[in-house]
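See below for the structure under consideration.
These numbers were taken from a predicted model, which means no experiment stands behind them.
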Amino acid sequence: MNWHLLAATDLWRILPAADATLNAVAAVLLIIGYRLIKRGHEQAHKRVMLAAFGVSSAFLACYLTYHIGSRLAGREEVRFVGPPGIRQIYLGILISHVLLAFTVPVLSIATIWLGLKDRRESHRRLARWTFPIWLYVSITGVIIYIMLYHLYAPSSTSPIMS
């Protein structure tokens with residue numbers, strides 16, 4: 001693909017796939033970071049968790065660019081078009097994802113700050129909440145993307161990266 005020839009309209013088609021990729025990378029980094037700290041590799045854990053935060057921050061920037069830009073440009077939101085039974089599952093995943101996603105920036109920043117300040121016990125206590133919530137949000141973000149853009153995609157929303 002000639003990336004320099006990519007039209008602005010194509011950019012909007014790539015951003016959801018980029019978001020899903022960033023969520024998947026964040027999930028992998030979170031799991032690696034968890035395994036590293038369980039093995040006592042503190043410095044490696046620190047680097048990987050900061051990388052996970054960076055990837056999640058890039059996701060947030062990409063996500064906001066897509067959604068705010070789409071609204072400003074008057075583009076229609078992509079709607080779930082799957083069967084009613086699957087729609088209920090999709091909505092359950094989506095609602096829990098969105099509600100928990102609001103907590104991730106606050107929890108992750110606080111957990112990272114405690115770790116960097118070497119407040120180990122407070123860091124561990126908060127990380128027990130932060131890690132599973134952040135991991136759940138990262139994984140369900142990928143699931144939502146797959147359901148919305150691949151499994152039950154409206155024909156007019158086919159992404160570039162299929």
Side-chain angles (χ1 to χ4, degrees), residues 1 3 6 10-72 77-78 80 86 89-153 157 159-162:
M1 169 175 265
W3 292 103
L6 191 63
D10 291 335
L11 176 64
W12 299 110
R13 292 173 50 205
I14 290 174
L15 287 175
D19 282 342
T21 301
L22 291 167
N23 265 325
V25 170
V28 169
L29 289 171
L30 289 167
I31 292 166
I32 291 169
Y34 178 81
R35 294 188 70 191
L36 286 168
I37 200 61
K38 289 299 179 186
R39 293 182 176 153
H41 303 291
E42 284 186 32
Q43 287 305 310
H45 164 77
K46 176 181 169 182
R47 286 190 298 276
V48 169
M49 296 309 285
L50 288 172
F53 183 76
V55 168
S56 289
S57 297
F59 158 81
L60 183 58
C62 189
Y63 178 87
L64 292 173
T65 298
Y66 176 76
H67 287 282
I68 293 170
S70 290
R71 287 183 190 218
L72 291 174
E77 293 284 324
V78 176
F80 184 79
I86 301 298
I89 294 168
Y90 170 79
L91 290 174
I93 294 169
L94 179 64
I95 290 166
S96 64
H97 170 83
V98 169
L99 292 175
L100 290 171
F102 282 113
T103 70
V104 171
V106 174
L107 288 172
S108 60
I109 290 169
T111 304
I112 290 167
W113 184 82
L114 290 168
L116 293 174
K117 292 295 180 181
D118 204 26
R119 295 180 52 193
R120 291 171 186 255
E121 192 50 45
S122 296
H123 172 77
R124 281 188 206 110
R125 267 196 313 272
L126 189 55
R128 285 186 188 111
W129 288 95
T130 304
F131 173 74
I133 291 171
W134 192 356
L135 184 61
Y136 177 84
V137 167
S138 296
I139 292 170
T140 55
V142 176
I143 292 169
I144 290 164
Y145 168 77
I146 290 169
M147 292 180 81
L148 191 59
Y149 289 92
H150 293 282
L151 294 179
Y152 304 103
T157 63
I160 286 177
M161 301 191 180
S162 308

Report yes if the side chains of M49 and L29 come closer than 4.5 Å at any heavy-atom pair, otherwise no.
no

Non-hydrogen side-chain atoms of S138 and L30 separated by less than 4.5 Å:
yes

side-chain contact (heavy atoms from CB on, under 4.5 Å) assessment of V104 paired with L100
CA-CA 7 Å; V104 171; L100 290 171; 5.7 Å; no

Listed partners of T111 passing side-chain hydrogen bond (donor to acceptor under 3.5 Å, both in side chains), at least two apart:
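For T111 the side-chain hydrogen bond (donor to acceptor under 3.5 Å, both in side chains) partners, ignoring immediate neighbours, are T130.
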
Ring pair (Phe, Tyr, Trp, His ring centres under 6.0 Å) pairs touching residues 94-144, sequence neighbours excluded, are Y34-F131

Indicate the atoms forming the closest heavy-atom contact of V55 with A26, along with that distance.
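Residues V55 and A26, closest heavy atoms: CG1-N, 3.8 Å.
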
What pair of heavy atoms forms the shortest contact from V137 to A101, and how long is it?
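Result for this residue pair: CG2-N, 3.6 Å.
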
Tell me, please, which residues at least two apart from A44 pass side-chain contact (heavy atoms from CB on, under 4.5 Å).
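Here the qualifying residues are L36, H41, R47.
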
Under the side-chain contact (heavy atoms from CB on, under 4.5 Å) test, which residues partner Y66, sequence neighbours left out?
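W12, L15, P16, S70, V78, Y149.
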
Salt bridge (charged side-chain N to carboxylate O under 4.0 Å, His left out) contacts touching residues 92-118 (sequence neighbours left out)
D118-R120

Report the C-alpha distance between Y63 and L22 in whole Å, list the side-chain angles of each, state the deciding distance to 0.1 Å, and finish with yes or no for side-chain contact (heavy atoms from CB on, under 4.5 Å).
CA-CA 10 Å; Y63 178 87; L22 291 167; over 6 Å; no

Set of ring pair (Phe, Tyr, Trp, His ring centres under 6.0 Å) partners for Y152, sequence neighbours left out:
F80

How many angstroms lie between atom [atom1] of [X] and atom [atom2] of [Y], to the nearest 0.5 angstrom?
X: I89; Y: I86; atom1: CD1; atom2: CD1; answer: 4.5 Å
X: N23; Y: F59; atom1: CG; atom2: CZ; answer: 4.5 Å
X: I109; Y: L116; atom1: CD1; atom2: CG; answer: 11.5 Å
X: I146; Y: L151; atom1: CD1; atom2: CG; answer: 7.0 Å
X: S108; Y: L126; atom1: OG; atom2: CG; answer: 9.5 Å
X: L72; Y: T65; atom1: CG; atom2: OG1; answer: 11.0 Å

